[in-house]
Each structure stands twice: as C-alpha cells, then as structure tokens.
Amino acid sequence: MSGDGLPMPGPGGAAQALPVMGGPAKAGLGRVRRPALTLRPAWLQAVPPLATFAVMVWGITGSSYWRDEAASLSAAERPLGNLIRMLGHVDAVHGAYYVIIWAVVRIGGAGELATRLPSALAMAAAAAAVTALGRRLVSPRAGLASGLVFAILPEVSWYGQEARSYAMVTALAAVASYLLVRAMRAAGGAGEAAGGAGAGRWLAGYGAALAALGVANLFGLLLIIPHALTVALAWRRAAPRAGSGDCRSAGGGADHGSAEGRAAARSLALGWLAAAAAAVLLVSPLMALAWVQRGQLAWLSPAGLAGLGSLQLLVGTTAMTIAAGAVLACAVAFCVRRGRERRAAAWPRGLTGLAVPWLVLPPAILLAVSPVTPIYAFRYVMICTPAVALLLGTGLAALGRAAGALAFVLIAALGLPLQLSIRSPGGHGDAILQADRIVAANMRPGDAVLEFKEENFAQAYPFGIHDLDNVAQARTRIASATLIGTFLPDPVVRQRLAQVSRVWVVEYGDREPLPVLSGLRFRLVRAWQTSDIWLFLYAAESGGTSQ
C-alpha cells in the first residue's frame with residue numbers, strides 16, 4: 001500500500017496508479033513507492049492557515065474603504081428585495097458576494113472589520129488548500145512551506161483585507177484544484193470499481209467547487225483551461241500508446257497494469273469533462289446575464305506591456321520577484337546536482353503538471369484577448385496566486401531546512417514595505433475615510449456636492465460626502481435599484497447649482513475642473529488631497545452664480 005492507502009503495482013503489474021499525481025518511482029524496484037508522509041505532529045498542517053489569518057487581520061482596519069468596497073456597501077445597505085432587483089440592472093457577476101455581505105452587514109455592521117473578515121477567512125481557507133496540495137503532491141515540508149509562502153504574498157493581504165469577492169474566488173480555485181488532485185489519485189486505485197467510485201465522489205465535489213467559483217466570479221472559470229491540460233498530461237503519461245514499449249511487460253506479454261492504467265485515465269478524463277461541463281451549465285444563466293451587462297467592462301483598456309508587467313504582483317515587489325526567481329533557480333540546480341532520483345522527488349511531475357498551467361494560462365489568455373476585447377485586470381488572475389505559492393514553497397523545501405528558512409525570511413522581509421503600505425490609510429488607492437473627515441470638519445448646512453465620474457465615494461461611510469446634497473442626482477440608488485442612482489443632464493445640474501452658495505467637487509487622479517462648472521460664478525475656496533482623491537470647495541461669488 002502507498003502512503004495514502006492506494007494499491008500500487010507489484011512486479012507482475014496487477015494494478016497501476018496514475019503517475020502524474022504521485023511521488024517518484026524508486027529506481028531498480030518493482031514497486032512504486034511514495035515518500036512517507038512525515039513532519040509530525042499533524043497540527044503543523046494548521047500553521048499556514050492560522051498564520052495567513054493572523055496576517056490578514058493584522059491592520060485589517062488600517063486602510064480606508066476604496067471605491068469598489070463602497071460599491072459592496074451600496075449593495076449591502078439596502079433591503080434584500082431591492083438588492084435582487086438591482087442585480088437585474090448591474091453587477092450580476094458579484095451577486096453571490098453581495099448576498100453574503102448583505103447578511104454580514106446585518107450581523108456585524110458595516111465597519112471595516114466585519115465586512116473584510118469574510119475575505120480574511122477565505123484567504124486562510126486558500127492557505128489550507130495550498131498546504132494540502134503541497135503535502136499531497138510533494139511532501140509535508142513542501143506543503144508547510146507553500147502555505148507559509150501564500151501567507152506572506154502582499155497581494156494576498158490586499159485582497160484578504162478587502163470587502164470584495166476576490167479572496168473567496170482565490171480560495172475556491174485552490175479548493176477546486178485540491179479536489180481535482182484527489183480525484184486523480186483516486187482514479188489510480190486498483191480497478192474501476194474501487195478507484196472509479198472514489199474518483200467519482202471527488203469529481204462531484206470538484207464540479208460543485210467549479211460551479212461555486214463561476215458564481216463567485218465568471219473569470220474564475222478560466223481555471224478549467226489549465227485543469228484540462230493537467231488532466232491531458234495525466235492521460236498521456238498514464239495511458240501509453242498501444243504497441244509502444246511501455247505497454248509490454250518484462251516477460252514480453254501484455255501488461256495488464258498498463259491496460260488498467262489506460263482505462264483509469266480514460267475514466268478520469270471523461271469524469272473530469274462531465275464535471276466541468278456540469279459546472280459551466282449551472283453557471284450559464286449568470287453568463288447570459290453578464291453578457292447583457294457587459295458594458296460594465298467599458299472601463300478596461302487594452303492591457304499591453306503594463307498588463308504584462310503587473311503579473312509580478314503575483315509574487316509582490318520587483319525585489320521579491322527577483323528573490324523568488326533566484327530561489328527557484330538554486331533549488332532546481334541543487335536537485336539536478338543530486339541526481340535524477342532526488343530531482344524527481346523534489347519536483348514531481350504532478351506538481352509541475354498542475355501548478356505551471358495554473359500559473360501561466362489564465363493571464364496568457366486574458367492578455368492575448370485584451371488587444372481585441374479589453375478584459376484584463378490583475379484581480380482576474382488572483383486565482384493564480386496559489387500556484388505561485390506551490391512552486392515557490394516547493395523550491396524552499398528543496399533547498400533544505402536551513403537554506404529554505406533563510407530564503408523564506410529574506411522574501412518575507414523584502415515584502416514588508418509593501419505589506420505596511422497596504423495597511424496605510426490610503427493603502428488601497430482611495431483614502432475615502434480621510435476625505436469624509438475633511439468634509440465633515442468643513443461642511444456647512446446647504447452645501448452641495450458633485451462627484452467626478454459618478455463614483456461610489458458617498459456610499460463608503462455614513463458621514464462627510466454622504467451628508468452633502470448631490471445636486472446632480474435624479475433618483476437615489478435604492479429608488480432606481482442601481483449602485484449609485486441616476487443623474488440629471490448637465491443643463492439641469494447647472495440650474496440647480498445656481499441655487500447653492502457652496503459646492504464640493506470630488507475628483508480623483510487628474511485635477512481637471514468639471515465641465516459643468518464652466519461659466520458659473522464660483523471661486524475656489526480651498527483644495528485638499530487624500531491619496532488619489534481631490535476635494536475642491538467652491539463658493540458663489542457675491543452677485544450670484546448666474547452666467
């Protein structure tokens with residue numbers, strides 16, 4: 001029996017396991033052996049998810065909500081029926097998350113800790129899945145290292161401290177990958193009755209995880225493509241072509257183990273295809289609604305070299321990326337020098353067959369399509385961070401305890417400045433809380449507001465910008481069942497502005513004045529900047545605001 005209790009072939013080839021997800025074969029032996037699962041006590045498996053959760057809650061309230069989190073709050077702070085009606089107009093792709101956060105807000109309130117805690121928990125779950133993958137594909141030490149690497153990745157902290165769906169998407173991608181690995185291992189059991197039944201249960205769970213992934217975010221279904229390659233590699237290695245030397249036993253007769261291997265591979269491939277197709281079918285209504293609402297992606301532009309460069313965020317800073325590359329190069333070189341057997345033990349084909357396609361294909365597809373139809377944003381490839389952790393953690397484990405620990409500390413230290421920056425008041429880009437405090441300290445009764453590009457800043461906090469009279473708004477977000485309401489044409493807005501004595505203009509990025517103010521007799525009283533948000537306070541000149 002193997003370390004997982006799966007029957008392995010004896011000298012006569014009584015049964016054959018799929019080779020892609022197991023450990024390496026020992027040279028000169030008729031029995032395939034996997035390395036024993038060591039690194040006790042077993043509670044060490046819980047260290048990475050606990051460490052990840054600790055990193056996520058560290059400074060979780062330090063950064064202000066930003067505009068996308070304000071959208072989550074806008075969706076959550078309304079009656080459930082109105083939320084469901086809103087999803088028919090906008091953001092249906094985030095509907096499942098909005099329903100979850102709607103419940104969270106009613107239980108724990110709309111503060112940063114309560115609304116971001118589900119993301120922190122999701123990243124901890126992702127770390128648990130990464131640890132389990134590394135343990136099963138390589139070794140317990142590689143699993144521990146991979147889970148800890150996942151905990152220190154800066155982008156894991158960013159999305160683990162954000163009231164959006166991407167941490168949950170990352171966790172579901174890791175869980176789905178783990179279930180696929182378990183299905184592939186179960187498919188290597190002795191005979192279709194035993195192995196096939198076990199694989200079927202794991203594939204059913206895998207299909208459910210894929211469906212949940214697609215419901216959480218449609219871009220998560222990109223994971224199906226690298227998984228297809230992983231299964232194809234399994235089929236190719238486990239089912240050699242008839243008539244090849246691999247299909248003959250040492251005595252010259254037919255190798256029944258190879259025949260059973262081919263049957264197991266074929267059964268696995270068909271089962272995987274059925275699970276993936278069922279997941280897509282379940283998510284298809286959401287796909288249809290998302291297609292109707294596809295105009296919401298109009299903010300995206302062709303990715304180009306900037307998009308390609310953003311992929312280094314999967315590791316972190318430039319220094320972290322260089323260090324990670326050096327670790328992987330040293331680990332591979334070290335294993336090569338120690339011989340083929342050691343290299344196969346440290347870098348089993350099951351690991352590379354899963355992690356490399358997982359890391360490469362989703363961003364490659366989005367970047368390739370982006371020049372024609374812009375659909376690339378870094379958040380859509382966050383599903384690849386577990387693959388980064390798996391590869392880097394395996395490299396650290398291959399270096400040995402001392403060298404691996406030292407390299408881990410170095411990579412973590414290189415990422416510390418970015419970790420601290422993420423937890424600063426403007427760490428997520430929009431320091432809305434600071435802007436609201438400025439408005440609250442300087443506003444007067446009757447003040448109006450104009451928001452640049454119809455953003456959601458007013459929905460982030462229940463004071464400041466939220467308390468100003470929005471002279472451009474036609475219907476509120478709840479009345480219109482939209483995220484931010486509907487807006488009046490500029491001529492009507494100008495008529496309204498003629499009736500106010502002071503107006504706050506909220507912009508981000510560029511400091512260009514709003515065209516609607518052109519020709520109106522307002523003078524600039526004061527300007528403030530918080531992160532990328534600009535606040536301009538205008539007052540009507542004596543003599544009125546008419547043109």
Side-chain angles (χ1 to χ4, degrees), residues 19-27 32-39 48 130-153 174 177 181 226 229-230 232-234 236-237 308 311-364 384-415:
V20 293
M21 291 296 156
K26 287 212 171 180
V32 178
R33 299 183 185 274
R34 293 180 60 248
L37 292 180
T38 57
L39 199 64
V130 168
T131 303
L133 279 167
R135 179 181 177 86
R136 191 158 294 277
L137 291 172
V138 188
S139 69
R141 181 173 292 118
L144 178 63
S146 298
L148 291 176
V149 166
F150 185 82
I152 65 169
L153 296 178
S177 298
V181 167
L229 181 56
T230 299
L233 291 173
R236 180 178 180 181
R237 288 198 284 251
L308 185 62
L311 293 178
Q312 82 163 20
L313 293 174
L314 288 170
V315 178
T317 64
T318 301
M320 288 181 72
T321 304
I322 294 172
V327 164
L328 290 175
C330 290
V332 171
F334 180 68
C335 294
V336 167
R337 290 188 60 186
R338 298 180 69 184
R340 181 177 179 180
E341 182 180 345
R342 293 293 182 91
R343 183 179 71 250
W347 296 96
R349 290 180 298 177
L351 171 75
T352 54
L354 175 74
V356 173
W358 185 358
L359 174 60
V360 172
L361 291 182
C384 301
T385 48
V388 172
L390 277 172
L391 292 170
L392 187 51
T394 300
L396 292 174
L399 291 177
R401 290 185 181 180
L406 182 62
F408 174 81
V409 171
L410 173 63
I411 293 172
L414 291 173

Evaluate the side-chain contact (heavy atoms from CB on, under 4.5 Å) criterion for residues Leu406 and Leu410: first the C-alpha distance (whole Å), next the side-chain angles of each, then the deciding distance (0.1 Å), finally the verdict. CA-CA 6 Å; Leu406 182 62; Leu410 173 63; 5.9 Å; no
With the side chain counted from C-beta on, respond yes when Thr394 and Leu137 share a heavy-atom pair under 4.5 Å apart, and no when they do not. no
For a quick test of your reading: what N or O donor-acceptor pairs under 3.5 Å do the side chains of residues 319-326 make, sequence neighbours left out?
unit_1 : atom_1 : unit_2 : atom_2 : d
Thr321 : OG1    : Thr317 : O      : 2.9

Using atom types as modelled, flag every donor-acceptor pair under 3.5 Å from a side chain in residues 350-358 to any protein atom, sequence neighbours excluded.
unit_1 : atom_1 : unit_2 : atom_2 : d
Thr352 : OG1    : Arg349 : O      : 3.2
Trp358 : NE1    : Ile383 : O      : 2.7

What's the separation between atom CG in Leu144 and atom OG in Ser139, rounded to the nearest 0.5 Å? 9.5 Å
Would you check if Ser146 and Leu133 make a side-chain contact, meaning some heavy-atom pair closer than 4.5 Å? no
Note, Leu148 side chain near Ile152 side chain (heavy atom, < 4.5 Å): no
Sequence neighbours excluded, which residues qualify as side-chain contact (heavy atoms from CB on, under 4.5 Å) partners of Ala132? Tyr178
Quick one: list whatever passes side chain to side chain donor-acceptor pair (under 3.5 Å) with Thr385, sequence neighbours left out. none
How would you list, by chain and number, every residue that makes a side-chain contact (heavy atoms from CB on, under 4.5 Å) with Val409, sequence neighbours excluded? none
Closest non-hydrogen contact found for Leu314 with Cys384 is CD2-CB, 4.2 Å
Using side-chain contact (heavy atoms from CB on, under 4.5 Å) as the criterion, list what pairs up with Ala398, not counting sequence neighbours. Ala331, Cys335, Ala346, Trp347
Looking at residues at least two apart in the chain, or sitting in another chain, which of them share a side-chain contact (heavy atoms from CB on, under 4.5 Å) with Leu396? Ala145, Val149, Val327, Ala407, Phe408
Compare all side-chain heavy atoms of Pro386 with those of Ser177 and state whether any distance is below 4.5 angstrom. no
